[in-house]
Amino acid sequence: MSSLGKGLASAALGALLQARGYSVRLRKLDPYLNVDPGTMSPFEHGEVFVTDDGAETDLDLGHYERFTGVSARQTDSISSGRVYSNVLEKERRGDYLGKTIQVIPHVTNEIKDFIRIGEDEVDFMLCEIGGTVGDIEGLPFFEAIRQFAQDKPRGQSIFMHLTLLPYVKASGELKTKPTQHSVKELRSIGLQPDILVCRSEYDIPDKEREKIALFCNVRKDAVIAAYDLPSIYEAPLAYHRAGLDQAVLDAFQITPAPKPDMTKWIDVHDRIVNAEGEVRIAVVGKYTQLEDAYKSLAEALTHGGMANRVKVKTEWIGSEIFEREDPAPYLEGFHAILVPGGFGERGTEGMIKAATFARERKIPYLGICLGMQMAVIEAARNTLGITNAGSEEFDHEAGVKRFTPVVYHLKEWVQGNHAVQRKIGDAKGGTMRLGAYTAALTPGSKVAQAYGATTIEERHRHRYEVDNQYRQALEKEGLMFSGMSPDGKLPEIAEWKDHPWFIGVQFHPELKSRPFDPHPLFADFIRAAKEDERLV
Ligand code: GLN
């Protein structure tokens with residue numbers, strides 16, 4: 001079932017294979033029918049992870065990147081929706097030469113072709129299938145990987161299966177039956193797992209391990225325990241101790257196995273365990289009930305803490321509350337405030353209040369995407385006196401014109417060497433300004449100092465944009481547009497000059513942060529928070 005940590009297990013295995021000197025790439029296959037998660041609410045599916053090449057993907061790709069440092073690509077994420085849409089497109093084009101189109105072989109071939117993209121580039125390709133064994137949507141994927149293993153020479157692919165060992169309090173036992181049944185289900189569709197990763201709250205006694213091995217037809221040392229961990233970044237070390245990488249190399253009959261170099265993960269672990277002190281960050285956003293909605297953000301904050309050897313305590317505050325109540329009692333006592341990305345008007349007036357509070361009280365503020373847009377609107381309202389400053393996004397949503405559009409609908413921009421054009425009323429899927437874009441930073445600005453560079457590349461996902469025509473007026477008030485698109489047209493970063501640390505960015509820096517390579521903005525944000533000793 002979902003939420004057991006399949007994504008994390010895959011990511012950790014990727015890291016362990018790298019530690020043994022291999023190159024890896026990770027892929028996610030999702031059985032749902034959306035073409036990509038871009039059109040799903042964060043409440044449905046958690047965060048949408050954006051790749052450099054502009055794909056809107058599953059949040060597991062974020063784990064893959066954070067654990068392996070390998071940037072994901074468009075071709076690392078696929079859903080049933082995409083598979084069917086490709087197959088139907090080919091059918092309409094006449095590519096199937098008059099054949100009847102069927103799940104086997106046409107859909108399964110499409111899935112196998114996807115798995116094989118760039119397979120020669122790496123030593124190991126790790127493909128994770130989302131959902132649960134037995135789901136109707138998952139069947140073509142399971143059938144495809146069954147065929148895939150048959151197509152390959154012997155010993156070139158293995159199957160891993162993640163199961164739950166529930167602990168029954170009444171009898172004080174770990175139960176192996178759910179594992180047995182799910183393996184039975186897999187075997188009934190022709191898949192015999194080589195390795196079982198068993199998620200368990202408690203130690204798996206030898207007796208239980210033997211039982212699982214016997215009933216599930218796997219070797220005893222291929223029954224790998226996956227315990228709950230205080231930090232996800234312990235997963236590579238924990239899985240290594242549990243023998244996962246050894247079991248994988250054994251299953252591939254790679255002997256002798258290259259020795260692992262775990263220094264990177266020992267350092268990461270050390271920074272987490274030996275953090276000194278704690279900074280408290282308030283994240284004032286709109287999907288705060290579900291932490292997965294801001295997965296990469298939560299991780300990037302942790303990485304920022306690791307860079308400064310402090311623990312980061314993040315509190316999630318629904319911004320709507322500030323539309324009814326004074327933010328001061330809620331926000332006083334935090335070392336920094338972060339307003340993250342989001343879509344739609346709900347809660348945005350509260351974000352603006354949080355931005356005012358941070359600006360006036362000189363508390364470090366990081367605004368990301370919507371959080372930057374709200375900070376600029378705040379400045380337009382409260383320093384330029386444009387009292388109805390707002391975003392066109394909200395007028396479009398409401399179908400009435402109420403705001404002066406300081407943030408407007410982006411109709412044209414440059415990508416590489418061509419112009420992209422958009423209209424209101426375009427289809428929603430995949431039409432935002434997506435993926436990596438370059439920005440030029442003002443030398444000497446706070447961001448340039450934080451990055452230690454004046455040219456950066458960051459990932460975007462937005463439809464609206466701060467209107468550059470307010471630049472001069474805002475800069476006169478001290479809000480500097482310290483990062484711009486290379487053509488000078490699109491404001492990418494705004495920062496208050498006379499403030500210890502107030503930076504808004506139009507992109508999503510959190511997507512590129514790694515535990516062993518914390519993102520410079522997050523590292524600097526947490527540094528500023530740490531230095532913010534004037535707890536008001
Ligand atoms: N809704 C805003 C836009 O589309 C902000 C998007 C975001 O925060 N990712 O521009």
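Just follow the structure's listing: the first ligand is 1, and inside any ligand the first atom is 1.
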**Report entry** Donor-acceptor contact below 3.5 Å, side chain E495 vs main chain M480
**Finding:** no
query: Is it true that R527 and D524 have a side-chain N and a carboxylate O under 4.0 angstrom from each other?
result: yes
* Asked: Should the pair R381-E349 be classified as a salt bridge under the 4.0 Å nitrogen-to-oxygen rule?
  -> yes
Given the options R25, K28, E128, Y64 meets side-chain hydrogen bond (donor to acceptor under 3.5 Å, both in side chains) only with E128
Identify whether the distance between the nearest side-chain nitrogen and carboxylate oxygen of R361 and E332 falls below 4.0 Å.
yes
The protein residues that pass the under-4.0 Å heavy-atom test against ligand 1 are G341, G342, F343, C369, L370, Q373, E393, R461, H462, R463, Y464, H508
_R459/D52 salt bridge by N-O under 4.0 Å criterion_ = yes
